[in-house]
Amino acid sequence: MGVTKEDVEAAVAAALSPTHLVVTDTSGGCGASYEIEVVSGKFEGKRLLERHRMVNTALAPLMAEIHAVSIKALTPEQAQPQPSPPAVTADKA
């Protein structure tokens with residue numbers, strides 16, 4: 001069998017100590033394609049490309065069997081809900 005969702009979760013968790021991690025198998029069950037959403041303090045001060053490289057490095061031992069990975073890598077601050085903008089009302093004069 002190919003790489004499992006649990007394999008991906010374990011590899012990312014061990015390398016990045018995430019505060020939030022969601023791994024979704026988008027391959028229909030064969031383990032060849034994943035979407036990864038990860039929030040880690042280790043991303044602080046890193047550019048997006050560096051963050052993706054960190055995730056890819058964590059997955060390196062598994063990449064021979066994975067064909068596609070979509071990564072959303074955020075710092076804890078970026079993962080916080082953003083306040084909603086104030087409602088705009090029309091002035092009816």
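Fair warning: this is a prediction, and the values are worked out from it, not measured in the lab.
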If only atom types and distance count, is the side chain of D7 paired as donor or acceptor with the main-chain N or O of V3 below 3.5 Å?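 Judged by distance alone, no pair lies under 3.5 Å.
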Heavy-atom closest pair, residues [X] and [Y]:
{"X": "E44", "Y": "P76", "answer": "OE2-CD, 3.5 Å"}
{"X": "A15", "Y": "K42", "answer": "O-NZ, 3.1 Å"}
{"X": "S40", "Y": "S17", "answer": "OG-O, 4.2 Å"}
{"X": "V69", "Y": "I71", "answer": "CG1-CG1, 3.5 Å"}

Side chains of E35 and V23: closer than 4.5 Å at any heavy-atom pair? no
By side-chain hydrogen bond (donor to acceptor under 3.5 Å, both in side chains) - contacts of E37 (at least two apart):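 Testing E37 for side-chain hydrogen bond (donor to acceptor under 3.5 Å, both in side chains), a comparison that skips the adjacent residues, returns H20.
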side-chain contact (heavy atoms from CB on, under 4.5 Å) partners for [X], two or more places apart:
{"X": "A79", "answer": "V39, L74"}
{"X": "P61", "answer": "none"}
{"X": "A11", "answer": "L59, L62"}

Any pair with a residue in residues 21-34 that passes side chain to side chain donor-acceptor pair (under 3.5 Å), sequence neighbours left out, goes on the list, sorted by first then second residue, please.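 Every side chain to side chain donor-acceptor pair (under 3.5 Å) pair that includes a residue of residues 21-34, provided the two are not neighbours, is D25-S27, T26-S33.
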Enumerate the side chain to side chain donor-acceptor pair (under 3.5 Å) contacts for residues 66-76, please, sequence neighbours excluded, ordered by first and then second residue. T75-Q78
Can you list every salt bridge (Lys or Arg N to Asp or Glu O under 4.0 Å) pair that touches residues 45-55, not counting sequence neighbours? none
With sequence neighbours left out, which residue pairs that include part of residues 73-89 fulfil the salt bridge (Lys or Arg N to Asp or Glu O under 4.0 Å) condition?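 As it turns out, there is no salt bridge (Lys or Arg N to Asp or Glu O under 4.0 Å) pair with a partner in residues 73-89 once direct neighbours are skipped.
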Applying salt bridge (Lys or Arg N to Asp or Glu O under 4.0 Å), name anything that partners K5, two or more places apart in sequence or on another chain.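 K5 satisfies salt bridge (Lys or Arg N to Asp or Glu O under 4.0 Å) with E9 once adjacent residues are dropped.
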Connecting only ILVMFWY residues whose side-chain heavy atoms lie within less than 4.5 Å of each other, what is the rest of V22's hydrophobic cluster?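 Under the 4.5 Å side-chain rule, V22 groups with nothing.
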May I ask you to list the residues sharing a hydrophobic cluster with L49, side-chain cutoff 4.5 Å, ordered by chain and number? none
For a side chain to side chain contact (heavy atoms under 4.5 Å, CB included) with V8, tell me which candidate from L21, V55, I36 qualifies.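 When L21, V55, I36 are each tested with V8, the side chain to side chain contact (heavy atoms under 4.5 Å, CB included) holds only for I36.
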